[in-house]
Amino acid sequence: MGKSALAVELAEVLNGEIVGADAFQIYSGLEILTAQPDATLRQRVVHHLIGSVPCQEVFNAGRYLPLAEAAISDIRARGKVPIVVGGTGLYIKALTHGISETPQVDVEIREKLEAFSLEELLNQLKGLDPDSVETIDTKNRRRVQRALEICLQTGEAASKLREEWKRPSRPCRGIVLTREREELTERIHVNILQMLERGVMEEIRSLKSIGATAQEAIGYRDAVLHLNGSLTREQWVEQTHRASCQYAKRQLTWFKNQTKFPLLKLSAFSNLRDSLTASLDSLTAPLE
RNA sequence: GGCUGGAUAGCUCAGUCGGUAGAGCAGAGGACUGAAAAUCCUCGUGUCGGGGGUUCGAUUCCCUCUCCAGCCA
(Lines give C-alpha, C1' and ligand atoms only; values in the text may rest on other atoms or scores of the structure.)
Protein backbone atom coordinates (compact mmCIF):
# COMPACT_ATOMS: atom_id res chain seq x y z
CA MET A 1 0.00 0.00 0.00
CA GLY A 2 2.86 2.35 0.74
CA LYS A 3 2.31 2.99 4.42
CA SER A 4 5.92 3.18 5.52
CA ALA A 5 7.03 5.91 3.15
CA LEU A 6 3.96 8.03 3.75
CA ALA A 7 4.26 7.60 7.50
CA VAL A 8 7.79 8.96 7.46
CA GLU A 9 6.67 12.02 5.51
CA LEU A 10 3.90 12.58 8.02
CA ALA A 11 6.23 12.14 10.95
CA GLU A 12 8.59 14.76 9.57
CA VAL A 13 5.81 17.27 9.12
CA LEU A 14 4.20 16.58 12.48
CA ASN A 15 7.41 16.20 14.48
CA GLY A 16 6.49 12.62 15.22
CA GLU A 17 7.91 9.17 15.74
CA ILE A 18 6.53 5.95 14.38
CA VAL A 19 5.12 3.07 16.38
CA GLY A 20 4.73 -0.12 14.41
CA ALA A 21 1.37 -1.87 14.62
CA ASP A 22 2.20 -4.87 12.54
CA ALA A 23 2.16 -8.38 13.91
CA PHE A 24 4.98 -9.54 11.65
CA GLN A 25 7.20 -6.52 11.20
CA ILE A 26 7.70 -6.75 14.93
CA TYR A 27 10.11 -9.64 14.42
CA SER A 28 13.81 -9.40 13.84
CA GLY A 29 15.27 -11.90 11.43
CA LEU A 30 12.48 -11.44 8.90
CA GLU A 31 13.24 -7.91 7.78
CA ILE A 32 12.91 -8.60 4.08
CA LEU A 33 10.03 -11.05 4.16
CA THR A 34 7.91 -8.75 6.30
CA ALA A 35 8.86 -5.66 4.29
CA GLN A 36 10.13 -3.63 7.20
CA PRO A 37 10.93 0.02 6.51
CA ASP A 38 14.49 0.27 5.22
CA ALA A 39 17.48 2.00 6.77
CA THR A 40 16.91 5.22 4.84
CA LEU A 41 13.44 5.67 6.26
CA ARG A 42 14.54 4.67 9.74
CA GLN A 43 17.30 7.24 9.62
CA ARG A 44 14.87 10.01 8.93
CA VAL A 45 12.41 9.16 11.69
CA VAL A 46 12.63 7.08 14.86
CA HIS A 47 10.70 3.80 14.56
CA HIS A 48 9.52 1.86 17.58
CA LEU A 49 8.62 -1.83 17.86
CA ILE A 50 9.73 -2.79 14.39
CA GLY A 51 12.20 -5.64 14.27
CA SER A 52 12.26 -5.59 18.04
CA VAL A 53 11.34 -9.17 18.93
CA PRO A 54 13.41 -12.20 17.93
CA CYS A 55 11.36 -14.27 15.51
CA GLN A 56 11.94 -17.33 17.68
CA GLU A 57 9.66 -15.83 20.31
CA VAL A 58 5.92 -16.21 20.40
CA PHE A 59 4.23 -12.87 20.09
CA ASN A 60 0.62 -11.75 20.21
CA ALA A 61 -1.74 -8.86 20.87
CA GLY A 62 -1.39 -9.33 24.61
CA ARG A 63 2.32 -8.72 24.46
CA TYR A 64 1.93 -5.93 21.96
CA LEU A 65 -0.37 -3.68 23.96
CA PRO A 66 1.90 -2.78 26.90
CA LEU A 67 4.91 -2.38 24.62
CA ALA A 68 3.03 -0.01 22.35
CA GLU A 69 1.60 1.95 25.25
CA ALA A 70 5.07 2.36 26.72
CA ALA A 71 6.44 3.56 23.39
CA ILE A 72 3.62 6.06 23.01
CA SER A 73 4.10 7.49 26.51
CA ASP A 74 7.80 7.75 25.88
CA ILE A 75 7.26 9.68 22.66
CA ARG A 76 4.77 11.98 24.30
CA ALA A 77 7.08 12.57 27.24
CA ARG A 78 9.65 13.90 24.84
CA GLY A 79 7.13 16.27 23.34
CA LYS A 80 6.71 14.43 20.11
CA VAL A 81 3.72 13.01 18.28
CA PRO A 82 3.23 9.25 18.22
CA ILE A 83 2.19 7.93 14.80
CA VAL A 84 0.91 4.37 14.87
CA VAL A 85 1.40 2.65 11.53
CA GLY A 86 0.49 -0.84 10.57
CA GLY A 87 -1.79 -3.33 9.03
CA THR A 88 -2.76 -5.45 11.99
CA GLY A 89 -6.26 -4.34 12.82
CA LEU A 90 -6.45 -6.25 16.06
CA TYR A 91 -3.34 -4.56 17.44
CA ILE A 92 -4.63 -1.13 16.60
CA LYS A 93 -8.02 -1.86 18.06
CA ALA A 94 -6.36 -3.13 21.22
CA LEU A 95 -4.56 0.20 21.44
CA THR A 96 -7.60 2.35 20.85
CA HIS A 97 -10.10 0.30 22.83
CA GLY A 98 -8.08 -1.91 25.13
CA ILE A 99 -8.62 -5.63 25.49
CA SER A 100 -10.06 -7.83 28.18
CA GLU A 101 -7.98 -8.57 31.24
CA THR A 102 -7.12 -12.17 30.64
CA PRO A 103 -3.93 -13.98 31.52
CA GLN A 104 -1.09 -14.40 29.06
CA VAL A 105 -1.39 -17.42 26.78
CA ASP A 106 -0.26 -20.62 28.46
CA VAL A 107 1.64 -22.61 25.89
CA GLU A 108 1.25 -25.91 27.70
CA ILE A 109 -2.50 -25.64 27.91
CA ARG A 110 -2.67 -24.60 24.28
CA GLU A 111 -0.65 -27.59 23.20
CA LYS A 112 -2.81 -29.96 25.20
CA LEU A 113 -5.94 -28.58 23.61
CA GLU A 114 -4.53 -29.02 20.12
CA ALA A 115 -5.15 -32.74 20.52
CA PHE A 116 -8.91 -32.38 20.78
CA SER A 117 -11.36 -32.10 17.94
CA LEU A 118 -13.48 -29.01 17.58
CA GLU A 119 -16.48 -30.96 18.80
CA GLU A 120 -14.69 -32.09 21.93
CA LEU A 121 -13.53 -28.55 22.65
CA LEU A 122 -17.06 -27.28 22.22
CA ASN A 123 -18.44 -29.85 24.62
CA GLN A 124 -15.89 -28.92 27.25
CA LEU A 125 -16.68 -25.26 26.78
CA LYS A 126 -20.40 -25.91 27.09
CA GLY A 127 -19.77 -27.36 30.51
CA LEU A 128 -17.51 -24.58 31.74
CA ASP A 129 -18.96 -21.54 30.03
CA PRO A 130 -22.28 -21.96 28.22
CA ASP A 131 -22.54 -18.20 27.63
CA SER A 132 -19.43 -18.19 25.51
CA VAL A 133 -20.90 -20.80 23.24
CA GLU A 134 -23.71 -18.38 22.52
CA THR A 135 -21.50 -15.46 21.62
CA ILE A 136 -18.46 -16.80 19.84
CA ASP A 137 -18.17 -18.34 16.40
CA THR A 138 -18.41 -22.01 17.29
CA LYS A 139 -17.25 -23.11 13.87
CA ASN A 140 -14.00 -21.30 14.36
CA ARG A 141 -11.65 -23.57 16.26
CA ARG A 142 -9.36 -20.74 17.33
CA ARG A 143 -12.20 -18.91 19.02
CA VAL A 144 -13.49 -21.98 20.81
CA GLN A 145 -10.06 -23.02 21.93
CA ARG A 146 -9.16 -19.56 23.20
CA ALA A 147 -12.35 -19.34 25.25
CA LEU A 148 -11.57 -22.72 26.74
CA GLU A 149 -7.98 -21.72 27.46
CA ILE A 150 -9.22 -18.75 29.45
CA CYS A 151 -11.65 -20.90 31.41
CA LEU A 152 -8.99 -23.45 32.25
CA GLN A 153 -6.37 -20.88 33.18
CA THR A 154 -8.52 -18.68 35.33
CA GLY A 155 -11.11 -21.11 36.62
CA GLU A 156 -13.71 -18.59 35.52
CA ALA A 157 -16.02 -18.30 32.56
CA ALA A 158 -14.35 -16.64 29.61
CA SER A 159 -17.54 -14.78 28.87
CA LYS A 160 -17.33 -13.08 32.28
CA LEU A 161 -13.84 -11.79 31.70
CA ARG A 162 -14.66 -10.69 28.24
CA GLU A 163 -15.77 -7.12 28.50
CA GLU A 164 -17.10 -4.98 25.76
CA TRP A 165 -14.36 -3.14 23.98
CA LYS A 166 -13.92 -0.64 26.71
CA ARG A 167 -12.23 2.75 26.79
CA PRO A 168 -14.53 3.49 23.86
CA SER A 169 -11.83 4.90 21.79
CA ARG A 170 -8.92 6.69 23.20
CA PRO A 171 -8.58 10.04 21.45
CA CYS A 172 -6.82 9.61 18.15
CA ARG A 173 -7.09 10.40 14.51
CA GLY A 174 -6.53 7.98 11.74
CA ILE A 175 -6.82 7.21 8.08
CA VAL A 176 -7.24 3.99 6.18
CA LEU A 177 -5.16 3.84 3.03
CA THR A 178 -6.59 2.11 -0.02
CA ARG A 179 -5.84 1.81 -3.70
CA GLU A 180 -7.62 0.53 -6.78
CA ARG A 181 -7.62 -3.25 -6.65
CA GLU A 182 -5.67 -3.67 -9.88
CA GLU A 183 -3.06 -1.18 -8.87
CA LEU A 184 -2.63 -2.86 -5.52
CA THR A 185 -2.26 -6.25 -7.15
CA GLU A 186 0.48 -4.89 -9.37
CA ARG A 187 2.31 -3.21 -6.51
CA ILE A 188 2.24 -6.40 -4.50
CA HIS A 189 3.74 -8.24 -7.42
CA VAL A 190 6.57 -5.75 -7.74
CA ASN A 191 7.23 -5.89 -4.01
CA ILE A 192 7.51 -9.65 -4.06
CA LEU A 193 10.02 -9.58 -6.89
CA GLN A 194 12.00 -6.99 -4.94
CA MET A 195 12.05 -9.29 -1.94
CA LEU A 196 13.82 -11.86 -4.04
CA GLU A 197 16.34 -9.32 -5.24
CA ARG A 198 17.01 -8.22 -1.70
CA GLY A 199 17.61 -11.79 -0.69
CA VAL A 200 14.54 -13.15 1.11
CA MET A 201 15.62 -16.68 0.42
CA GLU A 202 19.01 -16.08 2.00
CA GLU A 203 17.32 -14.41 4.94
CA ILE A 204 15.13 -17.43 5.50
CA ARG A 205 17.88 -19.95 4.91
CA SER A 206 20.03 -18.31 7.54
CA LEU A 207 17.38 -18.60 10.26
CA LYS A 208 18.36 -21.19 12.81
CA SER A 209 14.84 -21.53 14.08
CA ILE A 210 11.54 -19.72 14.05
CA GLY A 211 8.70 -19.41 16.52
CA ALA A 212 5.15 -20.66 16.22
CA THR A 213 3.71 -17.25 15.44
CA ALA A 214 6.40 -15.84 13.16
CA GLN A 215 6.30 -18.87 10.90
CA GLU A 216 2.79 -17.90 9.86
CA ALA A 217 4.17 -14.96 7.88
CA ILE A 218 2.96 -14.98 4.31
CA GLY A 219 5.56 -16.56 2.11
CA TYR A 220 7.53 -18.24 4.88
CA ARG A 221 6.37 -21.83 4.55
CA ASP A 222 6.43 -21.71 0.78
CA ALA A 223 9.94 -20.27 0.92
CA VAL A 224 11.02 -23.27 2.97
CA LEU A 225 9.44 -25.52 0.34
CA HIS A 226 11.31 -23.64 -2.34
CA LEU A 227 14.58 -24.03 -0.49
CA ASN A 228 13.82 -27.76 -0.24
CA GLY A 229 13.35 -27.85 -3.95
CA SER A 230 9.71 -28.85 -3.83
CA LEU A 231 8.46 -25.50 -5.10
CA THR A 232 9.84 -23.46 -7.97
CA ARG A 233 10.73 -19.81 -7.64
CA GLU A 234 7.79 -18.93 -9.89
CA GLN A 235 5.43 -20.94 -7.74
CA TRP A 236 6.69 -19.17 -4.66
CA VAL A 237 6.06 -15.81 -6.29
CA GLU A 238 2.60 -16.86 -7.40
CA GLN A 239 1.51 -18.27 -4.06
CA THR A 240 2.94 -15.41 -2.07
CA HIS A 241 1.33 -12.91 -4.37
CA ARG A 242 -2.04 -14.59 -4.09
CA ALA A 243 -1.88 -14.83 -0.30
CA SER A 244 -0.86 -11.19 -0.06
CA CYS A 245 -3.75 -10.04 -2.22
CA GLN A 246 -6.20 -12.04 -0.16
CA TYR A 247 -4.72 -10.57 2.98
CA ALA A 248 -4.99 -7.05 1.63
CA LYS A 249 -8.68 -7.60 1.05
CA ARG A 250 -9.20 -8.88 4.58
CA GLN A 251 -7.41 -5.81 5.94
CA LEU A 252 -9.66 -3.51 3.97
CA THR A 253 -12.75 -5.29 5.27
CA TRP A 254 -11.48 -5.00 8.82
CA PHE A 255 -10.58 -1.34 8.73
CA LYS A 256 -13.69 -0.36 6.81
CA ASN A 257 -16.00 -2.07 9.23
CA GLN A 258 -14.16 -2.08 12.55
CA THR A 259 -12.91 1.49 12.67
CA LYS A 260 -14.35 4.88 11.95
CA PHE A 261 -11.24 6.14 10.25
CA PRO A 262 -11.90 7.75 6.89
CA LEU A 263 -10.70 5.98 3.76
CA LEU A 264 -8.11 7.64 1.61
CA LYS A 265 -7.62 6.24 -1.87
CA LEU A 266 -4.01 6.79 -2.81
CA SER A 267 -4.59 5.86 -6.44
CA ALA A 268 -5.78 9.40 -7.00
CA PHE A 269 -2.34 10.83 -6.31
CA SER A 270 0.69 10.47 -8.48
CA ASN A 271 3.31 11.37 -5.90
CA LEU A 272 4.09 11.28 -2.22
CA ARG A 273 3.65 15.04 -1.75
CA ASP A 274 0.05 14.99 -2.92
CA SER A 275 -0.67 11.88 -0.90
CA LEU A 276 0.76 13.60 2.12
CA THR A 277 -1.35 16.69 1.63
CA ALA A 278 -4.47 14.60 1.26
CA SER A 279 -3.55 12.60 4.35
CA LEU A 280 -3.09 15.73 6.40
CA ASP A 281 -6.52 16.89 5.25
CA SER A 282 -8.09 13.61 6.28
CA LEU A 283 -6.31 13.73 9.60
CA THR A 284 -8.02 16.95 10.53
CA ALA A 285 -11.17 14.88 10.99
CA PRO A 286 -12.68 15.09 14.48
CA LEU A 287 -11.00 13.06 17.18
CA GLU A 288 -12.28 9.53 17.39
C1' G B 1 -1.82 -46.17 -39.06
C1' G B 2 -3.75 -49.43 -34.68
C1' C B 3 -5.10 -49.91 -29.45
C1' U B 4 -6.32 -47.83 -24.63
C1' G B 5 -7.51 -43.78 -21.55
C1' G B 6 -9.13 -38.73 -21.21
C1' A B 7 -12.29 -34.33 -22.93
C1' U B 8 -17.69 -31.81 -17.10
C1' A B 9 -17.37 -24.41 -13.37
C1' G B 10 -11.33 -19.89 -14.39
C1' C B 11 -7.94 -24.52 -12.60
C1' U B 12 -7.66 -29.89 -10.70
C1' C B 13 -11.12 -33.47 -10.79
C1' A B 14 -15.99 -36.31 -8.74
C1' G B 15 -20.57 -37.92 -10.63
C1' U B 16 -25.08 -39.14 -13.19
C1' C B 17 -27.14 -48.07 -13.02
C1' G B 18 -30.49 -42.57 -18.89
C1' G B 19 -34.72 -37.88 -15.75
C1' U B 20 -29.85 -31.47 -17.79
C1' A B 21 -24.52 -32.09 -12.27
C1' G B 22 -20.83 -31.17 -7.45
C1' A B 23 -16.20 -30.83 -4.39
C1' G B 24 -11.39 -28.54 -3.52
C1' C B 25 -8.65 -24.42 -5.19
C1' A B 26 -9.20 -19.63 -7.52
C1' G B 27 -12.78 -15.40 -7.43
C1' A B 28 -16.56 -12.10 -4.73
C1' G B 29 -18.56 -10.52 -0.07
C1' G B 30 -18.49 -10.88 5.29
C1' A B 31 -16.95 -11.93 10.56
C1' C B 32 -13.23 -10.86 13.99
C1' U B 33 -11.31 -9.22 22.20
C1' G B 34 -4.28 -12.25 23.60
C1' A B 35 -2.00 -17.36 16.81
C1' A B 36 -4.67 -11.82 13.44
C1' A B 37 0.17 -11.83 7.26
C1' A B 38 -3.89 -16.07 11.65
C1' U B 39 -8.74 -18.37 11.88
C1' C B 40 -13.74 -18.77 10.36
C1' C B 41 -18.62 -17.96 7.52
C1' U B 42 -21.65 -17.16 2.95
C1' C B 43 -22.00 -17.33 -2.55
C1' G B 44 -21.56 -22.71 -7.89
C1' U B 45 -26.33 -22.67 -14.91
C1' G B 46 -21.74 -24.83 -16.64
C1' U B 47 -23.53 -25.45 -25.26
C1' C B 48 -21.11 -31.98 -19.14
C1' G B 49 -15.56 -31.44 -26.72
C1' G B 50 -18.55 -31.21 -32.07
C1' G B 51 -22.16 -33.94 -35.04
C1' G B 52 -25.52 -37.96 -35.65
C1' G B 53 -28.37 -42.35 -33.66
C1' U B 54 -31.45 -45.15 -29.95
C1' U B 55 -35.12 -43.21 -26.39
C1' C B 56 -40.90 -39.98 -24.01
C1' G B 57 -36.12 -38.00 -22.46
C1' A B 58 -28.86 -38.42 -23.39
C1' U B 59 -23.93 -35.06 -20.21
C1' U B 60 -24.79 -40.48 -19.10
C1' C B 61 -25.80 -45.92 -24.06
C1' C B 62 -24.22 -46.56 -29.56
C1' C B 63 -21.68 -44.49 -34.07
C1' U B 64 -18.58 -40.80 -35.95
C1' C B 65 -15.33 -36.54 -35.97
C1' U B 66 -11.78 -33.26 -33.40
C1' C B 67 -8.15 -32.54 -29.68
C1' C B 68 -4.79 -34.35 -25.57
C1' A B 69 -2.03 -38.31 -23.09
C1' G B 70 0.13 -43.21 -23.13
C1' C B 71 1.21 -47.84 -25.52
C1' C B 72 1.96 -50.77 -30.14
C1' A B 73 3.57 -50.50 -35.14
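Predicted model, so just to flag it, every value in this text is computed and none were measured. The sequence lines fix the lettering, A, B, ..., with proteins before strands; numbering per chain opens at 1. The figures here come from the full heavy-atom set of this structure, side chains too, leaving out hydrogens, waters and symmetry mates.
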Practice task
Provide the closest heavy-atom pair for Arg198(A) versus Ile32(A) in the form atom of the first, atom of the second, distance.
Solution key: O-CD1, 3.1 Å
Exercise for the section: Represent RNA chain B in dot-bracket notation, 5' to 3'. Only Watson-Crick or G-U wobble pairs with both distances under 3.5 Å count; pseudoknot-style crossings use [ ] and interstrand partners use |. Expected result: (((((((..((((.....[..)))).(((((.......))))).....(((((..]....)))))))))))).
Practice task
Would you indicate whether Glu108(A), at its atom CD, is surrounded by more than 12 heavy atoms from other residues, nucleotides or ligands within a distance under 6.0 Å?
Solution key: no
Handout entry: Glu9(A) with Arg44(A): basic N within carboxylate O range, under 4.0 Å
Key = yes
Handout entry: Where Cys55(A) and Ala214(A) come nearest, the two heavy atoms and their spacing
Key = O-CB, 3.4 Å
Exercise for the section: May I ask you to verify if any side-chain N or O of Thr34(A) is less than 4.0 angstrom from the OP1 or OP2 atom of rA37(B)? Expected result: no
Exercise for the section: Name the closest nucleotide to the Arg162(A) side chain, picking from rC32(B), rU33(B), rA35(B). Expected result: rU33(B)
Problem - Gap in Å between the two C1' atoms, one belonging to rC25(B) and one to rC63(B), rounded - result: 38 Å
Practice task
Quick one: label Gly219(A) by what it contacts on the DNA or RNA (base, sugar-phosphate, nothing), any heavy atom closer than 4.0 Å.
Solution key: nothing
Problem - rA35(B) phosphate, OP1 or OP2, under 4.0 Å from Arg110(A) side-chain N/O - result: yes
Practice task
Please state whether the phosphate of rC40(B), meaning OP1 or OP2, lies under 4.0 angstrom from any side-chain nitrogen or oxygen of Arg143(A).
Solution key: no
Problem - Residue-phosphate contact under 4.0 Å: Thr253(A) side-chain N/O, rG30(B) OP1/OP2 - result: yes
Exercise for the section: Report which part of the nucleic acid Tyr64(A) touches: base, sugar-phosphate, or nothing (heavy-atom distance under 4.0 Å, all strands). Expected result: nothing
Completion exercise
Which of rU39(B), rG30(B), rA37(B) is nearest the side chain of Lys256(A)? It is rG30(B)
Problem - C1' spacing across the pair rA58(B) / rG19(B), given as an integer number of angstrom - result: 10 Å
Handout entry: rG34(B) base / Thr102(A) side chain donor-acceptor hit below 3.5 Å
Key = yes
Practice task
Say whether Glu216(A) and Tyr220(A), considering side chains only, have a donor N or O and an acceptor N or O under 3.5 Å apart.
Solution key: no
Completion exercise
Rounding to 0.5 Å, atoms CZ (Arg110(A)) and CD (Gln145(A)) come to a distance of 6.5 Å
Handout entry: C1' atoms of rC67(B) and rG49(B), separation to the nearest Å
Key = 8 Å
Handout entry: Glu183(A)/Arg179(A) ion pair, N-O < 4.0 Å
Key = yes
Between protein and nucleic acid, restricted to nucleotides 23-27 of chain B and to nitrogen or oxygen atoms under 3.5 Å apart, what atom pairs and distances do you find?
unit_1: rA26(B); atom_1: OP1; unit_2: Gln246(A); atom_2: NE2; d: 3.3
unit_1: rG27(B); atom_1: OP2; unit_2: Gln246(A); atom_2: NE2; d: 2.6

Handout entry: Between rG22(B) and rA37(B) - P atom distance, rounded Å
Key = 36 Å
Problem - Nearest to side-chain heavy atoms of Asn257(A), which nucleotide of rA37(B), rA31(B), rG34(B) - result: rA31(B)
Problem - Nearest-nucleotide pick for Lys249(A), side chain only, options being rG29(B), rA35(B), rC32(B) - result: rG29(B)
Practice task
Return yes when atom CZ of Arg233(A) has more than 12 non-hydrogen atoms of other residues, nucleotides or ligands closer than 6.0 Å, and no otherwise.
Solution key: no
Practice task
Looking at every strand, decide which applies to Leu33(A) at a 4.0 Å heavy-atom threshold: base, sugar-phosphate, or nothing.
Solution key: base
Exercise for the section: Could you tell me which non-hydrogen atom of Gln25(A) sits nearest to which non-hydrogen atom of Gln36(A), and how far apart they are? Expected result: O-NE2, 3.2 Å
Practice task
Give a yes/no answer on whether the side chain of Tyr91(A) brings an N or O atom under 4.0 Å of OP1 or OP2 in rA36(B).
Solution key: yes
Practice task
Can you figure out which of rC40(B), rA37(B), rG34(B) approaches the side chain of Asp22(A) most closely?
Solution key: rA37(B)
Practice task
Would you mind telling me which of rC40(B), rG34(B), rU33(B) lies closest to the side-chain atoms of Asn140(A)?
Solution key: rC40(B)
Problem - Closest approach of Glu69(A) to Leu95(A) (non-hydrogen atoms, all atoms of both residues) - result: CG-CD2, 4.0 Å
Handout entry: Nucleotide nearest Gln258(A) when distance is taken to its side chain, options rA35(B), rC32(B), rG30(B)
Key = rC32(B)
Problem - Aromatic ring pairing Tyr91(A)/Tyr64(A), orientation class (parallel under 30°, perpendicular over 60°, tilted between) - result: parallel
Handout entry: Pairwise P distance, rU55(B) and rA26(B) [rounded to whole Å]
Key = 47 Å
